[in-house]
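Lettering follows sequence order; numbering is per chain, from 1. All figures in this text were calculated on a predicted structure; none of them were measured in a lab.
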Amino acid sequence: MLLIAVAATVTALAANPRLACESLFSEKYRSNPQATVSIINSTGNYFRGISVANDPSLVKEIEKKLEEDRKLATNTVEEYSAGNKYDIVLNIPLGGKIISVGYTRNGDGSAELFVSGPPEAFR
Amino acid sequence: MEDLTLKQLESLAIGYFECRLSRAEEEDLRKVLLLSPLRSGLLDECRLAMGLEATVRRGRRPRRASSTMRWLSVAATAALLICATTFLMRDTTGGIDSPQPTFYAEVYIHGRKVADQQTAARIAEQGRRKSLARMDSLLHASLDRRDRQLKELRRLSATTAD
């Protein structure tokens, strides 16, 4: 009986692996004057987007979180272009669904990142 | 008669129920069942039939659980309650990430929230379409490149084979 209770507790506490990129849409980044943050919650879609202008240190911060989430991806498409341009799309299984994380670095201290997928994946 | 085994007593109990015992034998059996520590479903039935309910009740008194088992049961029940509470509370957190009715958008530009919900929704939706279009474009370009390279590879293989 005790073993069952312990096992059930561990299962209940075992949440979805949280995305590192989700922290980019917290209050800290919403109030950042160098960032534009968009948040959409709808019945069919969960979308978060952040774009950064003229802030290389914030771009580095975003890329660090992206690298963490890259480890969770089952599918990756990336492209390097002239002028330090870089695009990547990650497909990550989350909550039994597949969500997408897309990132573009424009090479001039600006970048954009989004997270998109069905709302059930993020509960 | 006091030294009878369980099987022998049960045999006599069957004889009692089948009215094969004499009155003296029934009386002897009654005395034995009253004093004997031996128990089984059949013997208890026989005791009840003979009006020896008290001995049946005495035999069925539940054993007291040891204090260790009692404490383990309490601990298990507490753990189960904590687990159930934790599980139920997981889905009740509020905040921006709670499901909103139909469509809800927030936009922050240079650290300031766009106050008008309709404007925010328009900006957010434009941003979303642009992002998804870029993602589609990247994926298609990647697939096209892959197909071209596979074609080239097949052509080279065919040329080498010739």
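- The number of heavy atoms from other shown groups lying within 6.0 Å of CD (B:Glu152) is above 12.
- Side-chain contact check for B:Arg134 versus A:Phe114: every heavy-atom pair is 4.5 Å or farther apart.
- Hydrophobic clustering (ILVMFWY, side-chain heavy atoms < 4.5 Å, transitive): A:Phe122 and A:Leu72 are in one cluster.
- Under the 4.5 Å side-chain heavy-atom criterion for Ile, Leu, Val, Met, Phe, Trp and Tyr, A:Ile92 and A:Leu24 are members of the same hydrophobic cluster.
- Atoms CD1 and CD1, on B:Ile123 and A:Ile40 in that order, are 11.0 Å from each other to the nearest 0.5 Å.
- Atom OG of B:Ser137 is separated from atom CG of A:Asp87 by 8.5 Å, given to the nearest 0.5 angstrom.
- Considering CE of B:Met135 and OG1 of A:Thr104, their distance stands at 11.0 Å, rounded to 0.5 Å.
- Side-chain contact between A:Ser116 and B:Leu132 is present, with heavy atoms from C-beta onward closer than 4.5 Å.
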- Message: Go through it in stages, so that I can follow the logic: the residues are B:Arg145 and A:Glu79, the test is salt bridge (charged side-chain N to carboxylate O under 4.0 Å, His left out), and I'd like the CA-CA distance, side-chain angles, deciding distance and then a yes or no.
- Response: CA-CA 11 Å; B:Arg145 250 193 312 274; A:Glu79 187 178 88; 2.8 Å; yes
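- Between chain A and the options B:Ala121, B:Gly127, B:Ser131, B:Ala105, the largest number of non-hydrogen pairs under 4.5 Å is found for B:Ser131.
- Cluster membership for A:Ile88 and A:Ile99, using ILVMFWY side-chain heavy atoms within less than 4.5 angstrom, is shared.
- B:Leu153 and B:Leu143 end up in different hydrophobic clusters when Ile, Leu, Val, Met, Phe, Trp and Tyr side chains are linked at under 4.5 Å.
- Minimum interatomic distance between A:Val89 and B:Leu138 (heavy atoms only, all atoms of both residues): CG2-CD2, 3.4 Å.
- Residues B:Val114 and B:Tyr108 fall into different hydrophobic clusters, defined by Ile, Leu, Val, Met, Phe, Trp and Tyr side chains chained together at heavy-atom separations under 4.5 Å.
- Across every non-hydrogen atom of B:Leu139 and A:Val77, the tightest pair is CD2-CG2, 3.5 Å.
- Residue A:Leu113: no heavy atom, backbone or side chain, is found under 4.5 Å from chain B.
- Among residues 31-38 of chain A, the residues having any heavy atom closer than 4.5 Å to a heavy atom of chain B are, in sequence order, A:Ser31, A:Asn32, A:Pro33, A:Ala35, A:Thr36, A:Val37, A:Ser38.
- The shortest side-chain heavy-atom distance between A:Asn45 and B:Arg128 falls under the 4.5 Å cut-off.
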